[in-house]
Structures are given as C-alpha cells and as structure tokens.
Amino acid sequence: MSVSMTGSGEIATPVESSKSAMTWGPIFGGAAAAIGVTLILLLLGSGVGLTMVSPWSGQSSSLGTVGVTAAIWLVVVQWLSSGLGGYITGRLRTKWAAVHTDEVFFRDTAHGFISWALATIFVAGFLASSLTSLAGAGAQAVGSAAQAVGSTATAAGTAAASSTASPMDLPTAYFTDALLRPDQARAAATAEVSRILLNGAAEGQIPDDDKAYLATIVSARTGLSEADARTRVDTVLKRIDDAKVAAQKAADEARKAASTTALLGALSLLIGAFIAAAAAAFGGSQRDEEEDLLVRPRI
C-alpha cells in the first residue's frame with residue numbers, strides 16, 4: 001500500500017474496499033438460469049429434430065438440412081440463454097457505492113462473462129454430443145453400406161456352400177481359387193463368386209479375367225449366352241459401384257454439415273459471450289437507476 005504526505009504534514013493513505021469486486025451469488029444465479037433455459041430449448045429442439053428423420057425411405061430430410069437446422073437452433077439456444085443469464089446476473093447484484101462508472105461497467109461485463117462461462121462448461125457435454133453425432137453420421141453411413149455389401153456377398157456364399165475359411169484367410173482363398181480355376185465353371189461356385197466380389201471391393205476394381213470368369217459362371221448357372229451373362233455381370237457390378245458412390249456422397253454431405261455446425265457453433269459461443277456480458281451491463285445499469293435514499297431524522 002502506497003502512502004503519501006500532504007503539504008500540512010498529514011499522512012494520506014488510499015481508500016480500498018475490504019469487499020471483493022466479484023459477487024458470486026448473482027453469477028451462480030445467472031448461470032443456473034442460463035443452464036435451465038438451455039436444457040429446455042435443447043429438449044425442444046430434439047423433439048422438433050426427430051420429426052425431420054424417419055426410418056422410411058424418402059421421408060427424412062437430408063443430412064445437410066438436418067445439420068444446418070441443428071446449427072441454427074444451437075445458435076438460437078446460445079443467444080437466448082446467454083442473454084437471459086447475463087441480464088439476471090447484472091440485475092441481481094447489489095449496488096456498488098462510491099465506485100466509478102467505468103469500473104461498474106467493467107465489473108458487470110465480467111460478471112456476465114463468468115456466468116456465461118459456467119453455464120457453457122456445464123452444457124458442454126450436450127453440445128459435444130450433438131456435434132459428434134452429426135460428424136459421425138457420414139462415417140456410419142459409409143460403414144453401413146460397406147457392411148451391407150459384405151454381408152450380402154457373405155450370406156450368398158454361405159447359403160450355397162459352407163466355407164471353412166476365416167475372414168483373415170479370404171485373400172489367400174481368392175488367390176487359391178485363381179490358381180485352381182477350371183476351364184469349365186463349376187455348378188456350385190457361389191462361395192468363389194463371393195470371394196471375387198470381396199477382393200474386388202478391397203482392391204477397388206475387379207480385373208477383366210475375373211469378370212470373364214464371373215460371366216462364365218453366370219452362363220453355366222442360368223443358361224444365358226456368354227454375351228448376356230457378361231451384360232448381367234456388368235449390370236450388377238455397376239449397381240455395386242453406384243452404391244459405393246451414394247455412400248461416399250452421403251459421407252461428404254455429413255462432413256459438410258458437421259463442418260458448418262462446428263463453425264457456427266464456435267461463432268455462436270463467441271457471440272453468446274458478448275451477449276451475456278452486454279446483458280449483464282444492461283441489467284446492472286437498470287439496477288443502478290433505482291437510487292436508494294436513506295432518510296435520517298434531523299438532530
């Protein structure tokens with residue numbers, strides 16, 4: 001503490017309040033209000049969001065639409081809860097007597113920011129869960145599509161002939177089939193066809209000799225001509241490629257939606273902090289407008 005001497009020889013010491021400039025009661029009260037409003041609005045948004053998705057094909061909104069809608073709703077939730085929590089924080093604090101106006105403004109904004117930070121930390125789990133779900137939607141779509149293709153091929157092979165090869169033995173089984181491939185197609189070749197398709201999915205394409213062999217098997221099993229069998233093979237392979245492209249497109253849409261949601265979420269948090277601080281300053285100014293006068297009897 002600095003001490004100064006006046007011209008008359010008196011000692012002058014600075015006046016400093018013994019009370020802290022931070023009032024935790026209004027801060028916790030504003031944070032609790034912000035948390036309550038956030039939870040209510042998040043539940044409301046979840047209910048509305050469930051109406052946008054459906055297990056039936058063609059009745060759900062696209063992943064991009066769902067992602068953008070969720071991002072906009074999170075922005076609205078953040079702004080409303082931050083504004084209310086900040087205003088309550090500023091309005092509930094006691095009046096600071098003998099404090100400069102600029103200092104009062106700073107304290108109010110600091111109280112609003114701290115209240116917003118506490119509320120944000122509490123609901124961070126909900127926000128992180130929402131963003132993670134959106135970000136993982138694309139990967140889940142790709143995994144489901146790949147699993148469906150693999151399961152279909154495996155189920156077809158199992159239904160026709162039992163195979164003792166484990167998933168780790170599939171590459172070896174494919175090359176073994178290629179070494180022992182007969183000139184004439186066997187009647188029971190469904191398991192081998194499954195391994196050819198699985199190897200093609202792993203390599204990204206099916207070699208021309210494998211396509212010719214598949215056409216031979218199809219011709220032997222169905223009685224079609226070699227040309228018609230090759231056409232059927234090409235048609236089925238094109239359908240598999242189309243399914244892969246559709247899964248990649250869904251993953252890309254989910255990635256874009258997740259990116260938009262993350263960017264809007266970060267911007268919303270920054271603006272929410274500003275709104276909370278400004279609302280606290282506004283609430284504090286309204287509180288200070290009500291001047292309390294103490295009336296004492298004249299002595």
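Taking each heavy atom of Ala281 and Phe105 in turn, the nearest pair found is CB-CE1, 3.7 Å. When all heavy atoms are compared, the tightest approach of Ile88 to Ala33 is CD1-CB, 3.6 Å. Pairing each heavy atom of Gly83 with each of Ala279, the nearest pair is O-CB, 3.3 Å. The two residues Val77 and Ser81 make their nearest non-hydrogen contact at O-OG, 2.7 Å. Across all their heavy atoms, Gly112 and Ala276 have their closest contact at O-CB, 3.6 Å. Heavy-atom minimum distance, Ser82 versus Gly272: CB-O, 3.2 Å.
Taken to the nearest 0.5 Å, the CG atom of Asp108 stands 7.5 Å off from the OG atom of Ser285. Leu270 contributes atom CG, which lies 11.0 Å from atom CD1 of Ile275 (distance to the nearest 0.5 angstrom).
The pair Asp288-Arg93 counts as a salt bridge, with a side-chain nitrogen and a carboxylate oxygen less than 4.0 angstrom apart. With respect to Asp234 and Lys238, no salt bridge is recorded, no charged nitrogen being found less than 4.0 Å from a carboxylate O.
A donor and an acceptor atom, one from each side chain of Gln78 and Trp73, are nowhere located under 3.5 Å apart.
Ser115 places a side-chain N or O within donor-acceptor distance of the main-chain N or O of Ala31, the cut-off being under 3.5 Å. With hydrogens and angles ignored, the 3.5 Å screen pairs a side-chain donor or acceptor of Thr89 with a backbone N or O of Gly85.
Counting heavy-atom neighbours within 6.0 Å of Lys211 NZ, excluding the residue itself, gives a total above 12.
Clustering ILVMFWY residues whenever any of their side-chain heavy atoms sit less than 4.5 angstrom apart, transitively, puts Val233 in the very cluster that holds Val236. A chain of hydrophobic side-chain contacts below 4.5 Å, direct or via other Ile, Leu, Val, Met, Phe, Trp or Tyr residues, connects Val76 to Leu84. Hydrophobic clustering (side-chain heavy atoms under 4.5 Å, transitive across Ile, Leu, Val, Met, Phe, Trp, Tyr) keeps Leu43 apart from Val37. Both Met22 and Phe28 are part of a single hydrophobic cluster, where members link through side-chain heavy atoms under 4.5 Å apart. The hydrophobic clustering, which links ILVMFWY residues whose side-chain heavy atoms are closer than 4.5 Å, places Trp79 and Leu267 together.
Each of Leu237, Leu214, Leu224 was scored for a side-chain contact (heavy atoms from CB on, under 4.5 Å) with Arg232, with one residue passing: Leu224.
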Taking it one step at a time, do Asp242 and Arg239 satisfy salt bridge (charged side-chain N to carboxylate O under 4.0 Å, His left out)? CA-CA 5 Å; Asp242 292 341; Arg239 291 174 60 185; over 6 Å; no
Steps toward side-chain contact (heavy atoms from CB on, under 4.5 Å) verdict (Gln286, Tyr87): CA-CA 10 Å; Gln286 285 190 332; Tyr87 180 80; 2.5 Å; yes
Show the numbers, then the answer: is there a side-chain contact (heavy atoms from CB on, under 4.5 Å) between Thr120 and Trp116? CA-CA 6 Å; Thr120 302; Trp116 165 86; 3.3 Å; yes
Residue pair Glu226, Arg230: steps toward the salt bridge (charged side-chain N to carboxylate O under 4.0 Å, His left out) verdict: CA-CA 6 Å; Glu226 288 289 339; Arg230 184 59 182 266; over 6 Å; no
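In this structure the side chain of Asp102 never reaches within 4.5 angstrom of the side chain of Phe106, judged on heavy atoms.
Legend: side-chain hydrogen bond (donor to acceptor under 3.5 Å, both in side chains) pairs involving residues 22-32, not counting sequence neighbours: none detected.
With sequence neighbours excluded, no residue satisfies salt bridge (charged side-chain N to carboxylate O under 4.0 Å, His left out) with Asp208.
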